[in-house]
Amino acid sequence: MTSPTGRRLRIGIGGMSIESSQFCPHRATYDDFRVTRKSALLDRYTWTRPDDGLAERVEWVPLVHAVSLPGGPVERATYDRIKTELTGLIRESGPLDGLVYDIHGAMSVVGLVDAEADLTEAVRAATGPDTLISAAMDLHGNVSRRFAEPLDLLTAHRLAPHEDAWETRERAARKLVERLVSGRGRPHRAWVQVPVLLPGEKTSTRLEPAASLYGRLASVEALDGVVDAAVWVGYAWADEERCRAAVVVTADDPELAVAQARSLAQEYWDVRRDFVFVGPTGDADECIARAVGSTARPFLISDSGDNPTAGGAGDLAYMLGRLLAHEELASGRVTALHPGITDPPAVAACFAAGVGAEVTLRVGGQVSAGTGPHAEPYELTGTVTALEGAAVPGSGAPRGNPAYDDGGRTAAVTRGGVTVVLTERRKPFHTRADFGTLDPREFDLVVVKIGYLEPELHEMAADWLLALTPGGVDQDLLRLGHHKVARPLYPFDDEGFEDPDLTPVLL
């Protein structure tokens, strides 16, 4: 079955994806983005393959897609360059029946307010009014009315951690095709924001109440007349009016869309005080002391305030200093592995010295120094114990999550019982492969710049603590200094906060 006119549908694919902390001094440049075009863009997805059932119905038109590891706001010139290429390719591609719009939802751009709305308006102007646009988003995006208005379909992940990220993109694509094949045109979207802004580490779908709230979405979607249902928790480390939870129910029946959106929004509001951190918490010293005193091995600690996959700079040596301030670790009686502090000069110095050499380095603070006492470099004297990367013979291909940069060269330096991994580029450590030749299971403690544990780390951990450390994605939102978010807003306001009007708007 093809389009109502009997021809194959022409559907474009493109977007721009980054999560941007406005409390992080890092600025994302063009070099931070992995930009994909042409056949490589089609290869990014499984449902664009010639052997997929959609191939008979759809001619996929690759435009451009740019994705970056989360970080600070995007430099304006970088944003303009990607936006111009995307909208130009849309215009050059000829009439499109549809567009799969692959974005995140929490992008900030220097000098702009509501960057995704700005990009979406430009994309809509390029496609014209007749193209159906289906957005696939992260549930940590912020959904303003200005952003949602030009879209025809929008959906988001239903799991945190985002084990369903690729499923979300496929859902957006298949629902778009179904819509176009049916000829029913643009559905109704019931949109409502909920005045709650919580960090992702308090809204994991591994725990209640998020498990039940998100668990409802499939049953709402299954209702006759409903196309899709989505809930966004918002992005807590941006400071704009759009930053808050949101619900969108997409349906052919407008009354049903409004009723279901209101019900989901009301449930979110009602359980707002029930959200808790996904694991036990403490400050850095408390978590280190409890981990050292435990018999569980390996014991993982999240250095959550400098998590680069949430928007942290990734260059803070704060936890390194706290680890080496503990006598058991400094003496080597207990061992710890702490990846990965971003510090290109320190990595270069280690490569120049070689494995086995003693080095004295000022570690960290390459971007963040000057933003507070927690961001100052740490003077480290230790032994270079491992070097990995393209410049090391036999080191092999880049490792890690293919969605992000591989971190460039890495250097491990050991002092006492603590081994710190330094990276040339900002890099997450989410999988066993990310650690390279170092085996995290051979250490007593593993202290990772992350929030909730990704699946492989979760499985690896004999026990785990979430350290509430300072940084650009500090979990303690009240000490960050938001001043542009629309108030009242929970948890910034609580006592005397009247129940909000949660009546959805039909778009």
Side-chain angles (χ1 to χ4, degrees), residues 14-35 63-90 99-127 133-151 154-157 172 191 193 197 200 230 232-246 248 308-313 403 472-473 480 482-486 507:
M16 182 176 183
S17 180
I18 184 174
E19 197 172 25
S20 306
S21 168
Q22 292 178 317
F23 300 97
C24 175
H26 171 264
R27 293 294 177 265
T29 68
Y30 194 80
D31 288 342
D32 288 305
F33 284 85
R34 181 165 53 85
V35 182
L63 302 166
V64 61
H65 186 266
V67 59
S68 171
L69 182 72
V74 181
E75 289 188 350
R76 182 62 181 268
T78 295
Y79 168 75
D80 287 341
R81 178 177 174 180
I82 296 169
K83 170 184 170 182
T84 298
E85 181 177 0
L86 175 59
T87 55
L89 287 170
I90 290 172
L99 172 66
V100 178
Y101 190 38
D102 187 350
I103 62 173
H104 183 286
M107 173 172 62
S108 293
V109 175
V110 176
L112 285 181
V113 175
D114 201 346
E116 264 96 5
D118 181 85
L119 182 63
T120 304
E121 288 170 346
V123 165
R124 171 54 77 188
T127 65
I133 303 176
S134 180
M137 298 178 63
D138 191 300
L139 63 83
H140 296 123
N142 295 304
V143 182
S144 67
R145 179 172 180 174
R146 179 187 165 198
F147 161 73
E149 194 101 51
L151 298 172
L154 58 165
T155 193
H157 308 334
W191 165 90
Q193 288 183 312
L197 184 63
W232 290 261
V233 303
Y235 181 67
W237 298 290
D239 188 18
E240 300 176 8
E241 287 189 9
R242 63 176 174 148
C243 298
R244 55 187 48 215
V248 175
T309 54
V473 288
L480 276 173
H482 290 76
H483 64 279
K484 296 180 181 177
V485 291
L507 304 179

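Just so you know, these numbers come straight off a predicted model, no measurement behind them. When reading the values below, keep in mind they use all heavy atoms of this one structure, side chains included, and skip hydrogens, waters and symmetry mates. The chain is numbered in sequence order, starting from 1.
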Output the distance between atom [atom1] ([X]) and atom [atom2] ([Y]), rounded to the nearest 0.5 Å.
X      : Y      : atom1 : atom2 : value
Asp114 : Thr120 : CG    : OG1   : 8.5 Å
Phe33  : Ile82  : CZ    : CD1   : 4.5 Å
Arg244 : Asn142 : CZ    : CG    : 10.0 Å
Thr155 : Met137 : OG1   : CE    : 9.5 Å
Thr127 : Leu99  : OG1   : CG    : 7.0 Å

Next item on the list: Check whether more than 12 heavy atoms from other residues, nucleotides or ligands sit under 6.0 Å from atom CD of Glu149, and answer yes or no.
Entry: yes
Given side chains that start at C-beta, do those of [X] and [Y] come closer than 4.5 Å, heavy atoms only?
X      : Y      : answer
Val233 : His140 : yes
Tyr30  : Arg81  : yes
Leu119 : Tyr79  : yes
Arg242 : Glu116 : yes
Pro150 : Ile133 : no
Asp32  : Leu69  : no

Non-hydrogen atoms of [X] and [Y] that approach each other most closely:
X      : Y      : value
Glu240 : Leu112 : OE2-O, 4.2 Å
Gly72  : Ile18  : O-CD1, 4.3 Å
Ser20  : Ser108 : OG-N, 3.2 Å
Gly311 : Pro70  : N-CB, 3.5 Å
Cys24  : Gly312 : SG-C, 3.9 Å
Ala156 : Ala230 : N-CB, 3.9 Å

According to side-chain contact (heavy atoms from CB on, under 4.5 Å), who are the partners of [X], at least two apart in sequence or on a separate chain?
X      : result
Ser17  : His65, Val67, His104
Ser134 : Leu153, Ala172, Leu176
Ala148 : Val143, Leu154, Trp191, Leu507

With [X], which residues qualify under ring pair (Phe, Tyr, Trp, His ring centres under 6.0 Å), at least two apart?
X      : result
His26  : none
Phe23  : His482
His157 : His162
Tyr235 : Trp237

Output all residues satisfying salt bridge (Lys or Arg N to Asp or Glu O under 4.0 Å) with [X], sequence neighbours left out; order by chain, then residue number.
X      : value
Asp239 : none
Asp138 : none
Arg146 : Glu121
Arg76  : Asp80

Next item on the list: Say whether, by atom type as modelled, one donor and one acceptor occur between the side chain of Thr87 and the main chain of Ala122 under 3.5 angstrom.
Entry: no
Item checked: Pairs involving residues 14-28, ordered by first then second residue, that meet salt bridge (charged side-chain N to carboxylate O under 4.0 Å, His left out) (sequence neighbours left out) -> none
